[in-house]
Each structure stands twice: as structure tokens, then as C-alpha cells.
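Read through the structure below, which is laid out as C-alpha cells, and then see the notes.
Quick note: residue numbers are just sequence positions, from 1. We count ligands from 1, going down the list as the structure has it; atoms in each ligand are counted the same way.
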Amino acid sequence: MIVSVEGVEFKYKSTEILKDVKFEVEKGEVVSILGINGAGKSTLIKCINKILPPKKGTITVENLDVNKMDRLDLAKKVGYVPQRSNGNYMTVFDALLLGRKPHIKWEISKKDIEITENVLKLLDLEKYALRNTNELSGGELQKVIIGRALVQEPKLILLDEPTNNLDLKNQLEVMRILKDVSVSQNITSIIVMHDINLALRYSDKFLMLKDGKIFAEGGKEIINSQNIMEVYGVNTYVHNLNGHLTIVPEEGY
Ligand SMILES: Nc1ncnc2c1ncn2[C@@H]1O[C@H](COP(=O)(O)OP(=O)(O)OP(=O)(O)O)[C@@H](O)[C@H]1O
């Protein structure tokens, strides 16, 4: 087990967002968090990354209590891709290299450069290496931010709607890369997703969040018409298309 969330509660002022959230994630799993807008998905992954402090409960990563870890130690284990990012006057290469920061002691090593170059290649960003990040399209920038999390060589990556800005090919590519690193490097991903079909294709496990609680948790079997109705309020058919489970909303849902 890499992540354990136990009895987590979170409030923004007096508004309760997360109520007794409890789940575990195994090493190397790709996990999608599903739920309607405002369900608390981003809040949950921000709690795991210690950006927000839960009011109650415990979150551990590799059996260490996140709340007791310092930022640097946490950054060696956990990468985070936020919902929105801005570019700046830093080049793509330097923005990726920044992901090595938690590992750099005195100066940048050959290994740091090598890892950065590998991720540049993996995400097909080589042609942008020397361009400033404020001169990229939204999708290109999104890939750089995902790349920076990979350069960090974390055990766990938390991603908040990572495919949002991406065209179809890049959506598939990013999800495939997350799946590949989960298999080849045992890196775990917890991904907030709105596209249920994309989630179905690449995830091992699903967490459906409703009213601040885990409504359903498990494999593909929990992505069924009944649960989708309960969580999203939409009538759907579940089809098996060439071996891929596919959710199709009913006419007039
Ligand atoms: N800084 C904040 N202060 C007060 N309320 C907030 C704050 N951030 C989020 N909220 C509220 O908390 C609730 C959960 O927000 P959160 O961003 O976690 O939802 P989400 O499931 O990620 O939504 P989406 O799918 O729209 O991104 C929402 O009702 C939101 O309006």
C-alpha cells in the first residue's frame, strides 16, 4: 500500500467538503477520482499533498504521516499537477529541470540533466526545449507541468484533470504514459478525471466521490449505470466496444 486515507474531514470555513473519507491505494495503481463539479475532488488531492490541512483524520504516503513530513521530503515522494498553471519566462527545459529541485544537493548533476532530457523526449517536447513556457499553447504547457512531475521521480503523482487542455491524441498519450510508468517504474497515479471513458480505459481503480464521501470504490465493475445515475444524475448505457467498456448517455438523459 502506498497511500492510506483514514477518516479525513475538511472544511472551508464552516462548509464541510470532505466527510470521513477513507480509502487505500496500492503501489503502481492508476486511480481515477470521479464525481460532479464541486464534489471535493481537488480538495482531496490537495489534502494528500499537504496543500490543505484536513481538520480530522490521517493521510499516509509509504506509511509516513503526510502532516508530519517536511515539504522537501514530501516532494521526493509526491508530484502534483494542478488544475491550472501559468507559463513564465523560464524555458521548457529549465521548467522541467525544476522538478529535480527536491533531489539536488549542491549543484545540478549529469543524472538530473539526463532525466530531464528523457522526459523531454517521452512527452515529445524536444522542439520546445528552449522556448519560454509563456509562449506555449495551453496543452503544450500542460504537458510541461506533467513532465516536471515525472522529472521529480516521485513514487506517487497527483493530477487534477490533466487531460483538460489536451487534444485527443495528447489525452491518450498522457494517460498511456501514466499507465506505462505505473507498470515499468511502479509509480502510482491518482487522477481527478471528468472523462469517464478515458478513465475507464487507463485506470485500475476508481473512487466515486459524492456528498463529501467515497460513494463507491473498486475496479471497472463500479462504473455501472446505477452508480453513474447516483453520482452524476445521468441515465447511461454501458457498452462493450471491442473490449472497451464505454459509457454512453441516454438520449435526453
Ligand atoms: N478556497 C476555497 N474557499 C471556499 N470554498 C472553496 C474553496 N475552494 C473550493 N471551494 C468549494 O469547495 C467545494 C469543493 O471544491 P473542489 O475544487 O474540491 O471540487 P471539485 O470536485 O474538484 O470540482 P471541479 O470538478 O469543478 O473541479 C466546492 O463547492 C467549491 O466551491
Legend entry - Exercise: do Asn67 and Lys50 side chains pair donor with acceptor under 3.5 Å: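 There is no such pair (donor and acceptor under 3.5 Å, judged by atom type) between the side chains of Asn67 and Lys50.
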Inset, instruction - Mark yes or no for whether Asn240, through its side chain, and Leu245, through its backbone, hold a donor-acceptor pair below 3.5 Å. - result: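 Pair absent, no side-chain N/O of Asn240 close to backbone of Leu245.
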Inset, instruction - Please answer whether the main-chain N or O of Ser203 pairs with a side-chain N or O of Lys179 as donor and acceptor at a distance below 3.5 Å. - result: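 No; zero donor-acceptor contacts below 3.5 Å.
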Legend entry - Side-chain touch Val144/Leu136, heavy atoms, less than 4.5 angstrom: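 With C-beta onward as the side chain, the pair touches.
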Legend entry - Near ligand 1, at a heavy-atom separation below 4.0 Å: residues by chain and residue number: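 For ligand 1, the contacting residues are Tyr12, Ile17, Ile36, Asn37, Gly38, Ala39, Gly40, Lys41, Ser42, Thr43, Gln83, Glu161, His194.
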Inset, instruction - Measure from NZ or CZ of Lys55 to the centre of the six-membered ring of Phe10 and say whether it is under 6.0 Å with the direction within 45° of the ring axis. - result: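 Yes, Lys55 and Phe10 form such a contact.
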Inset, instruction - Looking only at non-hydrogen atoms, find the nearest pair between Leu18 and Leu44 and report the distance. - result: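 Closest pair (atom of Leu18, atom of Leu44, distance): CD1-CA, 3.8 Å.
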